[in-house]
Asker: 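Take a look at this one; I'll ask things after.
A note on names: the letters A, B, ... follow the listed sequences, proteins ahead of strands, and every chain is numbered from 1.
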2 protein chains.
Amino acid sequence: MATIRDVAEKAGVSTATVSRIINNKGQATPETIARVHAIIKELGYKPNVVAQSLTSKKSNTIALLVPTIKNPFFPELARGIEDVANSNGMNIFLCNTDDERVKLKNYLVSLQERYVDGIIINSLTLNNEDLDELHSNGIPSVTLDRSISTHNFSSITVKHREGAQLATKHLIDIGCRRIGMIRGPEDDITAVQRMWGYRDYVKDFDWFDQSWIALGDFSVQSGYYCMKELFQRHPDIDGVFASNDLMAIGLLKAAHEWGRKVPDELAIIGFDGIDMSQYTYPPLSTIKQPIYEMGKMAMEDLLRLIKDPKLDYNKRELDVELMLRESSMR
Amino acid sequence: MATIRDVAEKAGVSTATVSRIINNKGQATPETIARVHAIIKELGYKPNVVAQSLTSKKSNTIALLVPTIKNPFFPELARGIEDVANSNGMNIFLCNTDDERVKLKNYLVSLQERYVDGIIINSLTLNNEDLDELHSNGIPSVTLDRSISTHNFSSITVKHREGAQLATKHLIDIGCRRIGMIRGPEDDITAVQRMWGYRDYVKDFDWFDQSWIALGDFSVQSGYYCMKELFQRHPDIDGVFASNDLMAIGLLKAAHEWGRKVPDELAIIGFDGIDMSQYTYPPLSTIKQPIYEMGKMAMEDLLRLIKDPKLDYNKRELDVELMLRESSMR
DNA sequence: CTGAAAGCGCTTACAG
DNA sequence: CTGAAAGCGCTTACAG
């Protein structure tokens, strides 16, 4: 591998000059610029990124921290981020935290050690101190779905509560009289908001109480078990709002096993709008988030922060959309 | 951040000594070792990994190149790799190539620049020259599902052809008389092998010809369209082998729309055994690959190669398993 | 406009 | 057993 010295010697200039030309900082004679570029091409020289990192404390790399890539929501999101990152010549570290505090911290440390230029994080266990630390170390961050928190950093989220309202209202509108919900983890802010959205619309019914809410963990499997639980508790249930699509898929399986016709005897609606939701049987109504776009925006915001660290933070809250399919059509 | 110099000064030794103690190379008095360790703890010193990379040409990081994380097969595989990597203190670069030659090459270059210690690759577009190049640059690699190729590098694959035979034979056994197949991309070796496995069992039937094979690309969507194609070409089709689960899911949707009862009028079997396959309606029979285990093995093999580069290469071919569920029960 | 020199934070022969 | 010194491949004040 050719080094900057090789280029410098062959071009008859100092390494400083080559460095300046590569990073076009400072000025240089058109002739030397041309000559250096020619040599660079001739030698196939590429700057050593590790050495660059060591001096510049930059790495041309950003990190994306997600709780799991097993929920297709995150791969879809990652694609949005990746596309923007790649077209800006940036690399991505994709990190799985399983929403475990220990793993998150480990990543945060090891990413800073590697001089990542910025971080996009979706994690329950992230707290304000973590963000402060990143900030004071000069590492810009964008959080996803953490906007509720009080921090002063850029974030993107969607209208979870409004989405849940939309879903619940829809079930009521099509004639459901006993509507259950499968919620997500208790410490998950998005799960909480979605639950409130549901409650907003059912709390005044006299049949309603806590027992209509089953506690899932956003996995397919938990959707399945939660639905069985609801069937047992409430044989008369005729509509369910699953707070993500994955759980709705598990729920569908339970409904089939229980012999409930969807949507006639049981109307179902999910949340997220992952690709898979259109391939279930019956196809799943859902609250569609602009997943890919969220990824793009997050990366764009991050790039802006990287370019100009003094930029003020920016909190975005995106709209969701009711996507009607057969699982709730009647 | 404390540096090695801070530690050295405070301990009254040279940085060389500290370095040796950290990496326990060479020898040192028990006393100095203890003292240095104490100071390290006191200062919360952690070696700068970038600086370490620059000198050692190592990074404690391996890379996993996959065609897409949108097929759940790869996230499941990644988890196996991740678990082994993490418990050995290694980081992972997860890279999406979309099976585009250009992206693959870019990654390969940029990963070498970052001194990754090893690479696990699943990619159609990877060729022997790429592997030779890695090898001559001293970067160990393990390929997944490329074993057919003639290279002399470690690889892991499963018995694709045998699996396809198992699937096809099963459909025949349960009484299917007109069996179609949805195959994967033409340049994909696994897709080709799975097709041969199917042909092995149907080629002698007088009804069989090429028109019973539809060409998909392993995506849900392509499964859907391919099935429609098969329905049009062969209204009498009564069994289908989809060469991956994702396509089988798309296929199921087409079957439902076409009003064919699964499994009674149309028996279906997929390939892979991804998590989702048990949540379809009806649950999907499939040829189960040991996905997570493949990931673990790949990482273990890679670790061995990293530790001892002179180790001989090792080609593994794992067994698959017929997983019977309702989509083919009759 | 350009170069000499110091520095980023480590590691590793070489000497003693 | 330990240290001085050179080196990994860059970047960046500082001087001219």
Asker: Starting from the 5' end of DNA chain C, give me the residue, Arg20(B) or Leu54(B), whose nearest nucleotide shows up first.
Answerer: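 In this pair, the answer is Leu54(B).
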Asker: Give, for atom CD1 of Ile139(A) and atom CG of Leu305(A), the distance between the pair rounded to the nearest 0.5 Å.
Answerer: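 It is 13.0 Å, given to the nearest 0.5 Å.
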Asker: Pick the closest DNA chain D nucleotide for Thr55(B) and for Thr29(B) by heavy atoms, then say which residue is nearer the 5' end.
Answerer: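 Its nearest nucleotide lies further toward 5', so the answer is Thr29(B).
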Asker: Rounded to whole angstroms, how far apart are CD1 on Ile22(B) and P on dT11(C)?
Answerer: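 That distance rounds to 6 Å.
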Asker: From CG of Asn24(A) over to C1' of dT11(D), roughly how many Å is that when rounded to an integer?
Answerer: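 About 14 Å, once rounded to whole Å.
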Asker: In terms of side-chain heavy atoms of Ala16(A), which of dC10(C), dG3(D), dA4(C) is nearest?
Answerer: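 From the listed options, dA4(C) comes nearest.
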Asker: Between dG9(C) atom P and Asn23(B) atom CG, what is the distance in whole Å?
Answerer: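 Rounded to the whole Å, the gap is 17 Å.
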Asker: Looking at dT11(D), I'd like to know if its phosphate oxygens (OP1 or OP2) sit under 4.0 Å from a side-chain N or O belonging to Lys25(A).
Answerer: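 No, Lys25(A) has no side-chain N/O under 4.0 Å of OP1/OP2 on dT11(D).
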Asker: On the nucleotide dC10(D), are OP1 or OP2 found under 4.0 Å from the side-chain N or O atoms that Tyr115(A) carries?
Answerer: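 No.
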Asker: dG9(D) phosphate, OP1 or OP2: any side-chain N/O from Lys57(B) under 4.0 angstrom?
Answerer: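 For Lys57(B), the contact criterion (side-chain N or O under 4.0 Å from OP1 or OP2 of dG9(D)) is met.
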Asker: Classify Val50(B) by what it touches in the nucleic acid, base, sugar-phosphate, or nothing, heavy-atom distance under 4.0 Å.
Answerer: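 The answer is nothing, as Val50(B) stays clear of every strand by at least 4.0 Å.
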Asker: Counting side-chain heavy atoms from C-beta on, which of dT11(C), dG3(D), dT2(D) comes nearest to Thr15(B)?
Answerer: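 That would be dT11(C).
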Asker: Ile81(A) and Met299(A): which non-hydrogen atoms are nearest, and at how many Å?
Answerer: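 Between these two residues, the closest heavy atoms are O-CG, 3.6 Å.
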Asker: Taking CG from Leu43(B) and C1' from dG9(C), how many angstroms apart are they, rounded to a whole number?
Answerer: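 So the two atoms are 15 Å apart, to the nearest Å.
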Asker: Using purine N1 to pyrimidine N3 plus N6-O4 or O6-N4 for Watson-Crick, or N1-O2 and O6-N3 for G-U wobble, each under 3.5 Å, what pairs with dA13(C)?
Answerer: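 Partner of dA13(C): none.
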Asker: So, is Gln52(A) near the phosphate of dG9(D), with a side-chain N or O under 4.0 Å from OP1 or OP2?
Answerer: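 Gln52(A) to dG9(D) OP1/OP2: no side-chain N or O under 4.0 Å.
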Asker: In Å, rounded to the nearest 0.5 Å, how long is the span from CG of Leu124(B) to CG of Asp98(B)?
Answerer: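 These two atoms lie 11.5 Å from each other.
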Asker: As a test of understanding, state which of Asp301(B), Asn88(B), Asn60(B), Asp117(B) forms a side-chain contact (heavy atoms from CB on, under 4.5 Å) with Ile306(B).
Answerer: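 Result: among Asp301(B), Asn88(B), Asn60(B), Asp117(B), Asp117(B) is the only option passing the side-chain contact (heavy atoms from CB on, under 4.5 Å) with Ile306(B).
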Asker: What integer distance in Å separates Arg5(B):CZ from dA4(D):P?
Answerer: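 Computing the Arg5(B):CZ to dA4(D):P distance gives 12 Å.
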Asker: Please check the phosphate of dG3(C) (OP1 and OP2 only) for any side-chain N or O of Thr17(A) closer than 4.0 Å.
Answerer: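 Answer yes for this pair, as a side-chain N or O of Thr17(A) is under 4.0 Å from OP1 or OP2.
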Asker: Starting from P on dC10(D), measure out to CG on Asp6(A) and report it in whole angstrom.
Answerer: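 Those two atoms, CG and P, are 9 Å apart.
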Asker: Let's see if you can work this out: which of dC10(C), dT2(D), dG3(C) has an atom nearest to the side-chain heavy atoms of Thr3(B)?
Answerer: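 Selected nucleotide (nearest to the side chain): dC10(C).
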Asker: With a 4.0 Å cut-off on heavy atoms, is Thr32(A) in touch with a base, just the backbone sugar-phosphate, or nothing at all?
Answerer: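 Contact class for Thr32(A): sugar-phosphate only.
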Asker: Taking atom CZ of Arg5(A) and atom CD of Glu9(A), what is their separation to the nearest 0.5 Å?
Answerer: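 Answer for the CZ-CD pair, Arg5(A) versus Glu9(A), is 5.0 Å.
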Asker: Using purine N1 to pyrimidine N3 plus N6-O4 or O6-N4 for Watson-Crick, or N1-O2 and O6-N3 for G-U wobble, both under 3.5 Å, which nucleotide pairs with dA4(C)?
Answerer: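 Across any shown strand, dA4(C) pairs with none.
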Asker: Do any side-chain nitrogens or oxygens of Gln27(B) fall under 4.0 Å of OP1 or OP2 in dC1(D)?
Answerer: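 Looking at the OP1 and OP2 atoms of dC1(D), one of them is under 4.0 Å from a side-chain N or O of Gln27(B).
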Asker: Check this for me: His135(A), atom NE2, are more than 12 non-hydrogen atoms of other residues, nucleotides or ligands nearer than 6.0 Å?
Answerer: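 Not buried by this count: 12 neighbours or fewer within 6.0 Å.
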Asker: Students often get this wrong, so: under 4.0 angstrom with heavy atoms, is Ala28(B) touching a base, only sugar-phosphate, or nothing?
Answerer: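 Contact class for Ala28(B): sugar-phosphate only.
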Asker: Hey, which sits more toward the 5' end of DNA chain D by its nearest nucleotide, Ile4(A) or Ile21(B)?
Answerer: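 Nearer the 5' end of the strand: Ile21(B).
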Asker: Quick one: label Lys58(B) by what it contacts on the DNA or RNA (base, sugar-phosphate, nothing), any heavy atom closer than 4.0 Å.
Answerer: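 Result for Lys58(B) = nothing.
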Asker: Nearest whole angstrom, please: distance from the C1' of dC10(D) to the CZ of Arg114(B).
Answerer: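 Roughly 15 Å, once rounded to whole Å.
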